[in-house]
Amino acid sequence: EPMNATALVTADRCEVWAPTQNQAGCVAAASQITGLGADRVTVHTTYLGGGLGRKVELDFVRQAITVAKAMPGKPVKLTWSREEDFTHDQYRPSAMCQLSGGLDAQGNVVGITARVVSPSIGYQRGPARYDNPAAVDPSAVEGLVGNPYSLPSMRVEWVRDDAQVPVGYWRSVGNSHNVFFLESFVDELAAAAGKDPLAFRRTLLGSNQRALALLDTLAQQSGWGTPVRGRARGVAICQCFGTLVGEVAEVSGSTPATMRVQRVTVVVDPGTTINPDTVKAQMESAVVQGLGTALSGWMPFSAGSSRLSMPWPASAGVR
């Protein structure tokens with residue numbers, strides 16, 4: 001579903017119909033554009049044909065309200081083209097991370113340091129909050145800060161990259177790249193210690209019984225430790241927004257061209273669950289989106305703006 005909204009502005013009312021994740025922001029935008037009080041604005045939230053953070057933004061809603069204000073009494077329906085949708089997106093922050101760690105003589109982790117560099121979603125929306133050099137955007141370090149491990153020592157540093165690319169709250173936000181950084185490094189530490197990656201994670205979890213139960217269930221459900229022919233297994237865990245997730249991927253192929261993800265086993269502990277089908281849908285769609293993004297999703301930038309080229313070439317430039 002591309003960006004879209006419908007707005008109706010009269011002398012004393014403003015109504016908005018939009019697939020929005022930010023109703024309060026819609027009310028504030030309508031009040032600012034029309035001059036009407038918030039009590040004169042009604043927002044009807046339609047079903048979202050995909051949100052994942054993009055529909056927190058208000059650009060498409062503001063457009064519809066602005067046009068409707070110029071045509072009082074007439075409802076205005078705005079729908080972006082797919083090309084507009086792609087080239088005027090709010091992108092996930094690009095990020096790099098340098099990690100270092102130490103092991104004792106028994107192969108136990110004594111400490112990890114992580115230094116992540118990325119643009120700030122919060123800074124682009126409210127620079128004044130981050131003018132203090134010591135200020136940290138929580139979304140830039142989540143996944144490193146708040147991870148499920150019980151480490152003797154962990155230091156997390158963040159360097160703001162003031163890239164001009166518009167960035168937004170992509171699904172799972174900072175966890176989407178920081179967990180990849182951390183879990184990849186945990187695998188490197190496990191290899192350096194000569195230990196099984198899943199068993200190594202058990203030692204890092206300490207007395208975190210909830211996470212240990214999740215990891216044990218994941219090992220059982222995925223068949224971890226049983227032989228597989230022509231495939232390799234990888235494991236990762238994440239603590240995100242109060243939910244614990246563990247996944248094991250079975251991958252075949254020895255080169256990028258021949259690589260295939262054959263199976264992904266997911267175990268999730270979200271706490272109290274109202275609708276199990278919603279949890280299942282969230283996790284299945286997250287796996288599909290993650291695979292699509294990692295294996296084929298990219299957007300090139302040239303001279304400061306994005307360029308949409310379809311079909312995309314086989315060799316991706318900037319991911």
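The figures here come from the full heavy-atom set of this structure, side chains too, leaving out hydrogens, waters and symmetry mates. This chain uses plain numbering: 1 for the first residue, then up along the sequence. Bear in mind that the values here come from a model prediction, so they are computed numbers and not experimental data.
Looking at heavy atoms from C-beta onward, Val268 lies in side-chain contact with Val279 at the 4.5 angstrom threshold. Cys14 places a side-chain heavy atom less than 4.5 Å from the side chain of Leu36. Side-chain contact between Pro119 and Asp162: absent, with no pair of heavy atoms (C-beta onward) separated by less than 4.5 Å.
Glu57 pairs with exactly one of Arg125, Gln21, Arg62 by the side-chain hydrogen bond (donor to acceptor under 3.5 Å, both in side chains) rule, that one being Arg125.
A distance of 13.5 Å separates CZ of Arg155 from CG of Leu99, quoted to the nearest 0.5 Å. How far CG of Leu204 is from CG of Leu215: 10.0 Å, rounded to the nearest 0.5 Å. Distance check, rounded to the nearest 0.5 Å: CD1 of Ile237 to CZ of Arg202 gives 10.5 Å. Here Ser118 contributes atom OG and Asp137 contributes atom CG; the two are 7.5 Å apart, rounded to the nearest 0.5 Å. Rounded to the nearest 0.5 angstrom, Met71 CE and Thr66 OG1 are separated by 13.5 Å. Between the CD atom of Glu188 and the OG atom of Ser100 there is a distance of 11.5 Å, given to the nearest 0.5 Å.
One side chain, Gln289 or Arg171, offers a donor N or O that lies under 3.5 Å from an acceptor on the other. Using modelled atom types, one finds a donor on one side chain and an acceptor on the other under 3.5 Å when comparing Thr42 with Arg13. Using a 3.5 Å distance cut-off with no hydrogens or angles, the side chains of Glu247 and Thr265 do not pair a donor with an acceptor. A donor-acceptor pair shorter than 3.5 Å cannot be found between the side chains of Trp170 and Gln90.
A salt bridge links Lys55 to Glu1: one of the charged nitrogens lies within less than 4.0 Å of a carboxylate oxygen. Electrostatic pairing of Asp59 and Arg54 counts as a salt bridge here, judged by a charged N lying under 4.0 Å from a carboxylate O.
With Asn178 contributing its side chain and Asn175 its backbone, the two residues share no donor-acceptor pair below 3.5 Å.
Classification of the Tyr130-Tyr123 ring pair by plane angle, with boundaries at 30° and 60°, yields perpendicular.
Remark: Gln32 CD is packed, more than 12 non-hydrogen atoms of other residues, nucleotides or ligands lying under 6.0 Å away. Around the CZ atom of Phe180, the shell of radius 6.0 Å holds no more than 12 heavy atoms that belong to other residues, nucleotides or ligands.
Val186 and Val245 sit in two unconnected hydrophobic clusters of ILVMFWY residues. Membership requires side-chain heavy atoms under 4.5 Å apart, directly or through other members. Tracing side-chain contacts under 4.5 Å through hydrophobic residues (I, L, V, M, F, W, Y), one never reaches Val235 starting from Val266; they form parts of separate clusters. Residues Trp224 and Leu212 share a hydrophobic cluster, clusters being chains of Ile/Leu/Val/Met/Phe/Trp/Tyr side chains in contact below 4.5 Å.
Across every non-hydrogen atom of Val27 and Ala38, the tightest pair is CG1-CB, 3.7 Å. Summarising the geometry of Met154 relative to Leu182, their closest heavy-atom pair is CE-CD1, 4.2 Å, with the distance given to 0.1 Å.
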Verdict with reasoning, Lys280 to Asp277, per salt bridge (Lys or Arg N to Asp or Glu O under 4.0 Å): CA-CA 5 Å; Lys280 183 179 179 181; Asp277 284 344; over 6 Å; no
